[in-house]
Amino acid sequence: MRVTRRAFLAGGSAAAASVVAGPWASRSHAQGGPVKIGLVLPYTGVYAVLGESITQGMELVFARENWTVAGRKIEMIKEDDEMKPPVGVRKTEKLIDSDKVDILTGPVHSGILMGMRDKVHSSKTILIVSNAGADAISRERCSHWIFRTSFSNWQPCQPMGGWVAKNVSKEVFLTAPNYQAGKDMMNAFKETFTPAGGKVVAEDYPKLGETDYAPYLTKIKQSGAKAVFAFFSGTDAVNFVKQYDQFGLKGSIKLTGAGFLTEPDVLPAQGRSALGVITGHFYTPQLDSPMNKKFVTDFKAKFGGKTPDGFACQGYDTAEVIVRALKAVGGNTQDKDKLVEAIAKTEFDSPRGRFRFDPKTHNVIQPFIYIREVREVTGGLDNVPIDKVADVRDPGTGCTLPT
Amino acid sequence: MFVPDFFGQALNGLSYGVLLFLLSVGLTLIFGMLDVVNLAHGSFYMLGAYAGLATIAALGNFWIALVVAPLVVGAIGAVMERLALRPLYRRSPLDQVLLTFGFIYLFEDLVKWIWGGRIRSIPPPDVFSGSVTILGATIPSYRLFVIAFGFAMAVALWLLIERTRLGSIIRAGVFDAEMTAGLGINMPVVFTAVFAFGAALGGLSGVVAGPIQSASPPMGAGILVPALIVVVVGGLGSLKGSLAGSLIIGQAETFGKAWLPGASMMMIYLVMAAIVLLRPQGLFGRPLK
């Protein structure tokens with residue numbers, strides 16, 4: 001290639017300019033440009049209500065800060081993962097490689113989380129998981145770059161075992177969808193249920209997306225169990241809880257479960273069939289703390305009277321972590337190790353209680369797992385706290401974070 | 001212990017089978033008459049559930065919804081047949097399959113656009129909100145209603161097809177559409193009517209299933225596979241086959257779930273494979289040419 005005089009001059013002056021402008025240019029990138037936050041969440045389909053709640057929780061915090069933290073604008077880049085792992089992974093790659101986001105958050109689906117984990121880890125992108133509960137992310141697949149503000153699947157179920165054995169019955173039927181999370185949750189329940197003298201009468205694992213639970217309900221009825229511990233979510237939760245009631249089981253066999261069974265995304269469709277169902281979860285809008293009351297009031301005011309749910313709380317805490325960590329490092333997102341350190345140290349009053357990460361796993365330590373019962377309250381049905389278990393920390397088996 | 005268990009599961013299987021019958025009979029009717037495998041039949045089921053929800057929201061009555069929703073879905077079916085399917089009758093079956101497949105997405109997005117993606121549900125009518133115990137087996141009274149309703153529909157359809165002039169036109173059309181047209185029957189109108197009627201039956205099943213299941217936009221795509229299996233087992237285009245196939249698949253799936261939970265998904269495919277091996281045309285289908 002022949003270098004013309006003009007090209008040489010143009011190239012040379014550009015190089016000179018970059019040398020001269022260098023320090024200021026990179027400084028403006030670190031301090032002046034927006035902090036880019038990538039969201040990988042479902043925005044279409046049945047789970048869109050979850051993505052929406054998480055996003056709204058985040059927006060509430062950023063709006064309070066006027067979308068500016070430590071002198072830098074906050075920019076959210078939303079990507080719809082459609083609850084499909086290949087789509088979620090592709091959107092993750094787009095956010096990391098072309099948008100060059102500073103912080104990544106999401107997803108709802110554990111399969112997407114496991115699929116994006118290696119890309120996040122190898123590209124040293126900071127990921128704050130705002131829903132997906134796959135235990136492995138706090139255990140053998142944990143990463144220096146990955147935090148979780150939501151929960152591990154183990155967390156809402158493990159304390160329920162001992163509680164159900166003590167307060168409901170020692171003869172329990174277990175049921176969950178036939179996939180990893182379902183089995184993980186049932187095993188977590190057994191960890192405290194069996195030592196408390198509980199006896200698992202039988203277990204059943206219907207397929208994910210089951211529409212007719214009749215055969216299982218007849219078996220539950222005939223099994224002689226005094227209570228059921230169940231985990232279902234989405235349409236499965238609606239179908240199971242409705243049919244459980246229609247088969248007349250609710251009166252004689254107490255239904256208990258993981259909190260997702262009666263979360264606000266399914267509760268309206270379940271209606272009165274859900275009355276009396278007892279579940280374990282780290283949040284309910286019915287919590288009686290000043291912090292939560294303010295959160296509920298502010299959230300309702302901003303989003304047209306909508307009551308926040310656990311997903312909104314997860315979004316709120318994710319954004320709160322981001323805001324506090326950015327302030328701690330003076331808005332410098334270039335030094336990623338410093339930022340990770342700042343995130344790990346974040347501690348504040350969340351609607352769910354005192355929020356902090358477990359330094360061993362980067363997973364949230366649940367201040368409480370609330371035992372909640374579906375009751376009638378003003379404005380409809382809601383999960384009313386009746387008891388709580390403090391400081392629920394994932395065992396983190398097999399996780400060795402570099403400290 | 002065994003007797004109530006067995007009897008209870010048989011009742012469960014019966015109510016599930018009857019739901020499958022209501023769902024699949026429209027599909028098999030459309031196939032028998034029009035030679036179209038309408039993959040969008042599950043969408044009629046979904047549209048029926050949503051039309052039922054809208055009717056109940058407006059008028060607060062399940063029974064009115066049971067009449068209105070099928071009419072609405074039937075009208076949608078008539079429009080779909082006239083505007084989209086008719087131009088394709090002379091094309092290959094693959095083109096028709098692709099077209100109806102496309103309609104699955106169209107209807108799903110339409111419902112999302114109007115009602116959003118949130119999960120909804122139809123409460124059972126007050127008379128049938130409890131449960132009853134028969135021979136030690138407990139079953140929701142609404143499911144007993146579904147069983148009775150399904151068999152009443154089967155009888156009504158049989159009378160319509162075997163005992164009325166319209167029915168004889170349909171039967172003649174299934175046998176040989178060109179010859180029937182030659183006898184002075186306006187076949188295009190009959191085609192539209194049959195398609196609309198099949199769609200209305202799909203819509204009806206959506207309302208009937210509403211109190212048992214939840215309603216969400218992807219529900220139509222989910223129910224398509226069991227409906228197709230029923231049609232294959234019973235024999236394409238046969239009313240009797242649709243009923244027999246539904247009841248067999250209903251029992252196979254229910255007892256599979258009850259006794260072999262790990263292999264319950266496999267059960268219905270095993271039954272289908274066995275029947276297709278022994279009778280490739282299905283239980284009541286016309287022998288294959």
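Below, read A as the first sequence line, B as the second, and so on, with proteins coming before strands; counting in each chain starts at 1.
In terms of heavy-atom pairs under 4.5 angstrom with chain B, the leader among A:S273, A:A214, A:P206, A:A48 is A:A214. When each of B:P217, B:A215, B:P218, B:P211 is scored by its heavy-atom pairs under 4.5 Å with chain A, the top score falls to B:P211. Between chain B and the options A:V49, A:L217, A:T211, heavy-atom pairs under 4.5 Å are most frequent for A:T211. Contact count against chain B (heavy-atom pairs under 4.5 Å) is highest for A:Y216 among A:Y205, A:Y216, A:Y47. Residue with the most contacts toward chain A among B:L19, B:I212, B:I122: B:I212 (heavy-atom pairs, distance under 4.5 Å).
Shortest non-hydrogen contact noted between B:S131 and A:G248 is OG-CA, 3.8 Å. Considering every non-hydrogen atom in both A:P215 and B:A258, the closest pair reads CB-N, 4.2 Å. Across all their heavy atoms, B:I119 and A:V266 have their closest contact at CD1-CG1, 4.0 Å.
Within the 4.5 angstrom heavy-atom criterion, no atom of B:P123 approaches chain A. Proximity to chain A is absent for every atom of B:E108, based on heavy atoms less than 4.5 angstrom apart. For A:Q246, the parts lying near chain B are the backbone and the side chain together; criterion is any non-hydrogen pair under 4.5 Å. Heavy atoms closer than 4.5 Å to chain B are found in the side chain of A:D204, but not in its backbone.
Side-chain contact between A:P268 and B:R118 is present, with heavy atoms from C-beta onward closer than 4.5 Å. Side-chain atoms of A:K242 and B:S214, non-hydrogen and from C-beta on, never get closer than 4.5 Å to each other. The side-chain heavy atoms of A:K219 and B:K257, taken from C-beta on, include no pair separated by under 4.5 Å.
In this structure, B:Q213 CD and A:E210 CD are separated by 9.0 Å, a value rounded to the nearest 0.5 Å. Here A:Y213 contributes atom OH and B:N12 contributes atom CG; the two are 14.5 Å apart, rounded to the nearest 0.5 Å. Interatomic distance, CG of A:D212 versus OG of B:S15, reported as 6.0 Å (0.5 Å rounding). A distance of 5.0 Å separates CG in B:D5 from CD in A:Q222, rounded to the nearest 0.5 Å. Here the CZ atom belonging to B:F6 is positioned 13.0 Å from the OG1 atom belonging to A:T218, to the nearest 0.5 angstrom.
Within a 6.0 Å sphere centred on CZ of B:F101, heavy atoms belonging to other residues, nucleotides or ligands number 12 at most. A 6.0 Å sphere centred on OH of B:Y105 holds no more than 12 heavy atoms belonging to other residues, nucleotides or ligands.
Contacts between residues 139-149 of chain B and chain A, defined by a heavy-atom separation under 4.5 Å, are made by B:I139, B:P140, B:R143.
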